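In what follows, a single structure is set out as structure tokens and then discussed.
Not measured: the values here are computed from a predicted model.
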Amino acid sequence: MKKMFLGLSIVASSFAFSQQFGIKGGMNVSSISDDGYDDTKSKVGYYGGVFVNIPASESFSIQPEVIYNNLGSEVKGTVLGNSYSQKLNLNYITVPVMFQYKATPQFYLEAGPEFGFLVSADTKTTWNNSTSTAELDKEDYNNFNLGVGLGAGFDITKNFGINARYVAGFSDVTKPASDPSTNAKNKNNTFQVGVNFKF
């Protein structure tokens with residue numbers, strides 16, 4: 001029994017010792033799919049946050065993250081010869097939990113759930129070279145967003161790498177209307193590309 005506890009302690013301590021903390025950031029290309037947002041296009045945004053990579057074996061690891069994500073969509077058009085655009089900015093604190101598999105010592109694949117919590121919502125309208133921003137009522141939007149991420153990454157060095165990930169949303173962006181016949185299904189979809197720094 002003592003030998004078993006000693007062995008478990010050694011394994012646990014080796015995992016704890018090999019954990020790597022890091023920061024990450026990059027570009028989001030986000031959109032809102034399905035009904036109610038048919039005329040919208042993808043919007044370029046940003047993300048940034050922290051993570052910890054926890055090895056479970058030589059080939060597998062778990063990577064929880066805490067990320068600030070700028071999501072949403074954009075509408076563009078022309079009125080009376082003047083072009084305009086309106087960006088919907090939905091800002092979330094997201095908590096992805098990625099399960100990573102190292103196909104090679106440097107290249108890995110990842111997949112896992114992402115839990116998002118809405119912190120703010122606004123629109124940014126550009127018309128005839130002038131820009132205005134309007135805050136939106138958060139009560140019109142779901143505060144929780146559930147998605148699943150699929151991605152890949154490449155560690156250029158032990159401490160620096162690149163990563164690309166697609167996150168498909170499962171939760172509706174807006175809250176259901178009182179009239180069920182008017183309810184729209186609209187979900188966040190995001191492609192991310194960026195860099196990781198490990199310490």
*Run the side chain to side chain contact (heavy atoms under 4.5 Å, CB included) check on T157 and D155 step by step: do they pass?*
CA-CA 5 Å; T157 70; D155 293 326; over 6 Å; no
_Intermediate values then yes/no, side chain to side chain contact (heavy atoms under 4.5 Å, CB included), L136 and Y141_ = CA-CA 9 Å; L136 299 176; Y141 298 87; 3.4 Å; yes
*Where do E74 and S42 land on the side chain to side chain contact (heavy atoms under 4.5 Å, CB included) test, with the steps shown first?*
CA-CA 6 Å; E74 184 174 9; S42 297; over 6 Å; no
*Any chance you could lay out the side chain to side chain contact (heavy atoms under 4.5 Å, CB included) test for Y166 and N189, step after step, and finish with the verdict?*
CA-CA 8 Å; Y166 178 77; N189 294 297; 3.4 Å; yes
*Checking ring-ring contact (aromatic ring centres under 6.0 Å, His included) for the pair F199/F21: CA distance, chi angles, key distance, verdict?*
CA-CA 6 Å; F199 305 106; F21 294 89; 9.1 Å; no
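With hydrogens and angles disregarded, no donor-acceptor distance shorter than 3.5 Å links the side chain of N188 to the backbone of A168. N69 contributes no side-chain N or O that, together with a main-chain N or O of L71, makes up a donor-acceptor pair within less than 3.5 Å. Although no hydrogens or angles enter the test, the distance criterion places no donor-acceptor pair under 3.5 Å between the side chain of S30 and the main chain of T190. Remark: side-chain polar atoms of N142 are paired, donor with acceptor, to backbone N or O of D172 under 3.5 angstrom. T123 places no side-chain N or O within donor-acceptor distance of the main-chain N or O of L88, the cut-off being under 3.5 Å. With hydrogens and angles ignored, the 3.5 Å screen pairs no side-chain donor or acceptor of N163 with any backbone N or O of V195.
When each of V75, T126, T125 is paired with Y84, the side-chain contact (heavy atoms from CB on, under 4.5 Å) condition holds for V75 and for no other.
Using a 4.0 Å cut-off between a side-chain N of Lys or Arg and a carboxylate O of Asp or Glu, E65 and R165 qualify as a salt bridge. Using a cut-off of 4.0 Å between Lys/Arg side-chain N and Asp/Glu carboxylate O, K175 and D140 are scored as not salt-bridged.
Aromatic ring pairs are classed by plane angle as parallel below 30°, tilted from 30° to 60° and perpendicular above 60°; the pair Y101 and F60 is tilted.
Between the side chains of T174 and N186, at least one donor-acceptor pair of N or O atoms lies under 3.5 Å. Side-chain contact, Q100 with N53: a donor N or O sits under 3.5 Å from an acceptor N or O. No hydrogens or angles considered: a donor-acceptor pair under 3.5 Å links the side chains of D122 and N89. A side-chain donor-acceptor contact under 3.5 Å links N28 and Q192. Between the side chains of K43 and N70, at least one donor-acceptor pair of N or O atoms lies under 3.5 Å.
There is no path of hydrophobic side-chain contacts, each under 4.5 Å, that joins F170 to F191. Cluster membership for Y108 and F99, using ILVMFWY side-chain heavy atoms within less than 4.5 angstrom, is not shared. Put simply, V66 and V167 are part of two different groups of oily side chains (I, L, V, M, F, W, Y) that touch within less than 4.5 Å, one to the next.
Distance check: L150 CG to E110 CD gives 9.0 Å after rounding to the nearest 0.5 Å.
In this structure the side chain of K124 reaches within 4.5 angstrom of the side chain of T131, judged on heavy atoms. With contacts defined as side-chain heavy-atom distances shorter than 4.5 Å, the pair Y68/V119 qualifies. Residues I54 and Q63 have side chains not in contact (no heavy-atom distance under 4.5 Å, counting atoms from C-beta outward).
For G49 against I67, the heavy-atom pair with the smallest separation is CA-CD1, 3.8 Å. In terms of heavy-atom proximity, M98 sits nearest to P113 at CE-O, 3.9 Å.
For K198, the NZ atom sits in a packed shell: over 12 heavy atoms of surrounding residues, nucleotides or ligands are nearer than 6.0 Å.
Residues that satisfy the salt bridge (Lys or Arg N to Asp or Glu O under 4.0 Å) test with K102, not counting sequence neighbours, are absent from this structure.
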